[in-house]
**Q** 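Please find one structure pasted underneath; my questions will follow.
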Amino acid sequence: MTIPANKLTWNHFECLHKDKQLAFERLCRALFLHEFCDENTILLSKPNNPGIETLPIWSNKKNANVGFQAKYFDSKTNYFQIKNSAQKTIKYYNGQIDKLVLFCNKDITTTSQQYLEIYSLLSEHNIELIVCSNDSIFSLLRKYSDIAALYFNTTDFNDNWFKERVKTSINELGKRYNHVFNVATTTEEVVDFFLMKDTTIAKINNHKKQAIEAIDHLYENKYTNYNEFLRSLQNHIKSLPDVNYQKRELCLSWFDIICEEFKDNFKEIKEAYKERTQQSSKNDNYDELNYLKNLLDLPCQLFFSEHEKCYISSNILFLKGEAGIGKSQLLATIADYYIKNSLPVCLLLGHKFFNYSNIETAILALLGISDMNINDLLSAFNELGLQNQQPTLILIDAINESFTQKFWKDNLTQFVSLIRKYPNIRVIMSYREDYRAALLDQHMQEKISKYEIAEIKHLGLLSDDCDNVSKFLEQYDMPFEPEYYLQNHMHNPLYLTWFCQSNENSGYVMYDLMDKTIEKADEDAKKCLNNLSEDCHILENLLNEISEIFLKTNLYSIEEKTILNLSVWETYGLTQEKTKYLSALCKFGLLIKYKNNEKESYCIGY
């Protein structure tokens, strides 16, 4: 990717970033990380770090301890400020830093008396000053195009940019998302693993801790002839590098490293176990057999299943599940969490992928980006993920609700191949399980079966003790009855919503509850109308007409001008009040109104 020359200027930079000083510091941090540090380096800093922006860090690339300063000046270069920072660097980090990189948006005159004083001051303390100013910075930006895409394109991807777009999508979800009701589910725990949150990293590293503790327990045993082996094994496990966000895949080799390093020991233990097993009828050696088995099981503490390996290494996840199981709720919850923690996330809705040639074009349009191509956008998102040490998320909910499932079947392979080029972006796409074959071609399904792409099934509120169902019912002030344990649909949030909204506990049949939900929505919507008989079944007839259009067009949405011209309005004398009625249905959550290609449209909310 090449940034046009007219964009690669400090004037353009200032137009893009309201807080230019903060943006410049982040820009320099990224350049320093890429140009002067080793791969997978994590930079640390203290509040108001004195002299330099981050703590000094060892660089194999430069064979030295390195640090950097970022100086952004509005007018001329302020050498006094640079000297002051140099003095603080010496005061706090003397002997801990060998090379100091000075980033500055203005030219630094290296022959000036002021500069030479700073250079000499640092040299006296064995600190080499490396200047990277003005044009030198632009040269680095041409080298590292991801950073250039993030800081010099026409869009400032700040917290507010992501917040506004997520807020719009969550509002359009209507009652599919309940921000008050968020209970942890088994599905959410698995998705968290895929997202590589800090808690996930801690859980991965905990595998090592558990293995070390298991060895400690085996020391305290009468079979002391294995203690030397245990000591060596424990030390080797301790020496395995911990994982962090960038080094997350290191854990996938832990098991193989230990098995290979101690293969002779485990072979000997396995033979001893086999021998004792054959003698079990002659000797009472149960304790020894159990001890040997525990020895053989030690490497398993470091083992990750094929599913876990896929969640760690893949940056694409398909979330499937039956209708109403909570897929939209989960994705909206993730988006809300990311926004509240100032992390970059985009939440897009499947029904808005309408009349686009491919997925990439649709994403650009739905995010309101007209002056970047998809690679520019993904490059910027990728750099954001690297800087945050958390992946930038793209969430696409209910792709089965697009105007045609063939759109995804024709375009997913290309999109997935593109996303896999950007390791600091993760994408989750949800769909109803019964649409799987219509959405995913054979090639995509094979990649999932080979654990190259992740896929999980949302199980809703399913749990052993029904606590989640009980918490859901509490939102409607309804008690949990023992017979609910026997109802298959009670783990489905959509079913529970209908069940609670019906205000009746007499039946559990899905279609009966659907009818009651439609009656309740119709009843609520008619309250905003004047002089209308309560016996009128407007909604039933409206849904029948909408369904006929869906079947004819093979679409799952209807344009506003079409819905406003249906015969049901004239039948019930509502030509002047139809917009009121539709608004009430949207408020109830039965319909969702959204804008697509500047045209207002509706889709079914449930």
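FYI, side chains are in, hydrogens and waters are out, and symmetry mates aren't considered; it's all heavy atoms of this structure.
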**Q** Do Tyr144 and Tyr151 have ring centres separated by under 6.0 Å?
**A** no
**Q** Is Lys409 salt-bridged to Asp441, going by a charged N under 4.0 Å from an acidic O?
**A** no
**Q** Okay, side chain of Glu261, backbone of His236: is any donor-acceptor separation there less than 3.5 Å?
**A** no
**Q** In terms of side-chain heavy atoms, does Asn424 have a donor or acceptor partner in Tyr245 at a distance below 3.5 Å?
**A** yes
**Q** Check this for me: does any side-chain nitrogen of one of Lys143 and Glu35 sit under 4.0 Å from a carboxylate oxygen of the other?
**A** yes
**Q** Look at Asp397 together with Lys327 and state whether they make a salt bridge at an N to O cut-off of under 4.0 Å.
**A** no
**Q** Would you check, one step at a time, whether the test side chain to side chain contact (heavy atoms under 4.5 Å, CB included) holds for Asn375 with Glu360?
**A** CA-CA 9 Å; Asn375 285 302; Glu360 297 86 344; over 6 Å; no
**Q** Please confirm whether the backbone N or O of Leu459 pairs with a side-chain atom of Thr187, one donor and one acceptor, at under 3.5 Å?
**A** yes
**Q** Can you see which heavy atom on Asn158 is nearest to which on Trp161, and at what distance?
**A** OD1-N, 2.8 Å
**Q** List the atom of Ser417, the atom of Lys421, and the distance in Å for their closest heavy-atom pair.
**A** O-CG, 3.7 Å
**Q** Under 3.5 Å, is there a donor-acceptor pair between the Asn60 and Trp58 side chains?
**A** yes
**Q** Looking at Glu455 and Arg436, is any side-chain nitrogen of the basic one under 4.0 Å from a carboxylate oxygen of the acidic one?
**A** yes
**Q** In terms of side-chain heavy atoms, does His34 have a donor or acceptor partner in Glu39 at a distance below 3.5 Å?
**A** no
**Q** Please indicate whether Lys61 has more than 12 foreign heavy atoms, meaning atoms of other residues, nucleotides or ligands, lying under 6.0 Å from its NZ.
**A** yes
**Q** Is it true that Lys457 and Glu433 have a side-chain N and a carboxylate O under 4.0 angstrom from each other?
**A** yes
**Q** Between Lys274 and Glu271 (salt bridge meaning N to carboxylate O under 4.0 Å), is one present in this structure?
**A** no
**Q** With distance as the sole criterion, is a donor-acceptor pair present between the side chains of Asn49 and Tyr93 under 3.5 Å?
**A** yes
